[in-house]
Amino acid sequence: FSTTKAMAALMLARLVDQGRLTYEEPLADLWPEFAAAGKESLAIGDVISHQAGLPGFAEPMDPKAWFDHDLIAGKLAAMASMWPPATAAGYHPMTFGYIAEEIFRRRDGRTIGKALREDLAQPFGLDLWIGLPDAEHARCADVRRPPAMPDLGPITEPRRVAFLTKWASPGGVTLAEWRRAAIPSVTGHATAPALARMMAILACDGALDGRQFLSSEAVRQASAQRIAGSDLVLPFEISWAAGFMRNEGQWIYGPGARTLGHSGWGGSCAFADPDRRLSGAYVMNRQSARLIGDERARRLIDAAYAVL
């Protein structure tokens, strides 16, 4: 689920590092259609820190539509923001992936999933996928859904469209089709060691296994706070970096104020602590109803820090 967003954010950071993208450039310069309905001033860093005001769709649609990237990207480009753009963050559970994918495709030419395999997973031997080939499906653990929806607090319109409509998330397809789908907000497949090693890049100043994947400056830019405060979709105070959750204020990834990471619905998470040069990850197949801060992961993280 949403731990996938850490993969997407890392690949966007690599484009920034290569000088092919900046977090401050208006998204409409790259994606002209996105300027519609008053969104022309939104920067790339704004939209990947959940400030675009596009957390979901109010109008009914077939849940299968989520498997058509161009259709969803077109709907997002044409939409008006649900709050004044770049004034507050409101988590984009599904739509983040389509915005990130459109940015990446327009600047790199590949999908995020293809670049993830070619530039990171294969060179470093990491079991990371966004869009899982059929040959890998037999290795997957089947997810057991939680008994209840997460507690979202009072139901506002942004929360309703993000989570509570019948079309708020993909549906109407087989499990195999879900696993094949390359949606960089939710359909990542990975092992915990692979996620932990991926996050080591952010914990160790851009390096993994003695090889530089990002520069120190790219890590700094990706990790810097872009907005903080009461999230308009999640019922939490959150500090957002460039696609990552910052630990300060939540304290769900150990004691480090500069630690950052991402969590996924039901319990998964991945994090990087640059002060201790430590990274970690947790995945499971039995989901809890927690959106972030699952107790099982927190117990393991706290135990790891206790022996440092």
Side-chain angles (χ1 to χ4, degrees), residues 1-21 44 48 66-70 72-73 94 96-141 143 170 173-204 206-215 218-219 222 242-244 261-262 264 268-272 279-283:
F1 289 94
S2 287
T3 303
T4 306
K5 294 180 174 72
M7 302 184 202
L10 188 69
M11 297 309 296
L12 289 173
R14 192 154 196 259
L15 289 187
V16 172
D17 196 25
Q18 294 168 337
R20 301 163 70 190
L21 196 72
I44 287 172
I48 64 171
W66 290 107
F67 296 94
D68 184 336
H69 170 82
D70 291 341
I72 297 297
M94 284 297 305
F96 172 94
Y98 298 83
I99 295 171
E101 179 81 338
E102 195 68 19
I103 292 168
F104 200 92
R105 288 187 189 186
R106 285 173 180 258
R107 195 48 56 90
D108 183 89
R110 296 174 293 174
T111 66
I112 290 177
K114 182 175 175 60
L116 177 78
R117 292 297 303 165
E118 293 177 349
D119 298 353
L120 178 59
Q122 290 171 339
F124 290 91
L126 303 184
D127 208 354
L128 301 172
W129 310 81
I130 300 176
L132 192 69
D134 286 8
E136 305 293 333
H137 289 197
R139 300 172 55 223
C140 293
V143 171
V173 299
T174 66
L175 180 58
E177 288 173 298
W178 167 267
R179 288 175 172 159
R180 291 184 200 114
I183 304 173
S185 44
V186 292
T187 63
H189 287 74
T191 63
L195 284 170
R197 291 186 64 215
M198 178 191 82
M199 295 302 285
I201 293 167
L202 299 171
C204 299
L208 178 62
D209 296 343
R211 289 181 281 169
Q212 210 70 26
F213 185 78
L214 295 177
S215 68
V219 173
F244 300 100
H262 216 292
S268 66
C269 68
F271 68 92
S279 62
Y282 174 72
V283 300

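- Judged as a side chain to side chain donor-acceptor pair (under 3.5 Å), the pairs with a partner in residues 187-201 (not counting sequence neighbours) are, in order, Arg197-Asp209.
- Here CZ of Phe213 is found 6.0 Å from CG of Asp119. Values are rounded to the nearest 0.5 Å.
- Minimum interatomic distance between Asp127 and Ala194 (heavy atoms only, all atoms of both residues): N-CB, 3.4 Å.
- Between Pro133 and His137, the closest heavy-atom pair is O-CD2, 3.0 Å.
- Across Ala222 and Phe244, no two heavy atoms sit closer than the pair O-CD1, 3.8 Å.
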Quick one, Thr111 with Lys114, criterion side-chain hydrogen bond (donor to acceptor under 3.5 Å, both in side chains). Give me CA distance, side-chain angles, the key distance, then yes/no.
CA-CA 5 Å; Thr111 66; Lys114 182 175 175 60; over 6 Å; no
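- Here the closest non-hydrogen pair linking Ala6 and Met199 is CB-SD, 4.2 Å.
- To the nearest 0.5 Å, atoms CZ (Arg106) and CD (Glu101) are separated by 11.5 Å.
- Not a single donor-acceptor pair under 3.5 Å links the side chain of His262 to the backbone N or O of Thr4.
- Contact check for Leu214 versus Leu202: side-chain heavy atoms found under the 4.5 Å cut-off.
- Within the 3.5 Å criterion, the main-chain N or O of Ser215 finds a donor-acceptor partner in the side chain of Asp17.
- Contact annotation: the side chain of Ile99 never approaches that of Glu102 to less than 4.5 Å [non-hydrogen atoms, C-beta and beyond].
- To the nearest 0.5 angstrom, Leu208 atom CG is 7.5 Å from Leu120 atom CG.
- How far CZ of Phe1 is from CD1 of Ile183: 11.0 Å, rounded to the nearest 0.5 Å.
- Annotation: the span from Met198 atom CE to Thr3 atom OG1 amounts to 8.5 Å, rounded to 0.5 Å.
- A heavy-atom distance below 4.5 Å is found between the side chains of Ile103 and Ile48.
- Of all the heavy atoms in Ala196 and Ser279, the pair that sits closest is O-OG, 2.6 Å.
- When side chains are defined from C-beta on, Asp108 does not count as touching Met11, because their heavy atoms never get closer than 4.5 Å.
- Between the side chain of Arg211 and the main chain of Pro123, a donor-acceptor pair closer than 3.5 Å is present.
- Arg14 has its side chain out of reach of Leu10: every pair of non-hydrogen atoms, C-beta onward, lies at least 4.5 Å apart.
- Using the six-membered ring where Trp is involved, His69 and Tyr98 have ring planes that are parallel, under 30° apart on the 30 and 60° scheme.
- Of all the heavy atoms in Ala242 and Ala9, the pair that sits closest is O-CB, 3.6 Å.
- No side-chain heavy atom of Glu177 sits less than 4.5 Å from a side-chain heavy atom of Phe67.
- We find the CZ-CG distance between Arg107 and Leu21 to be 5.5 Å, quoted to the nearest 0.5 Å.
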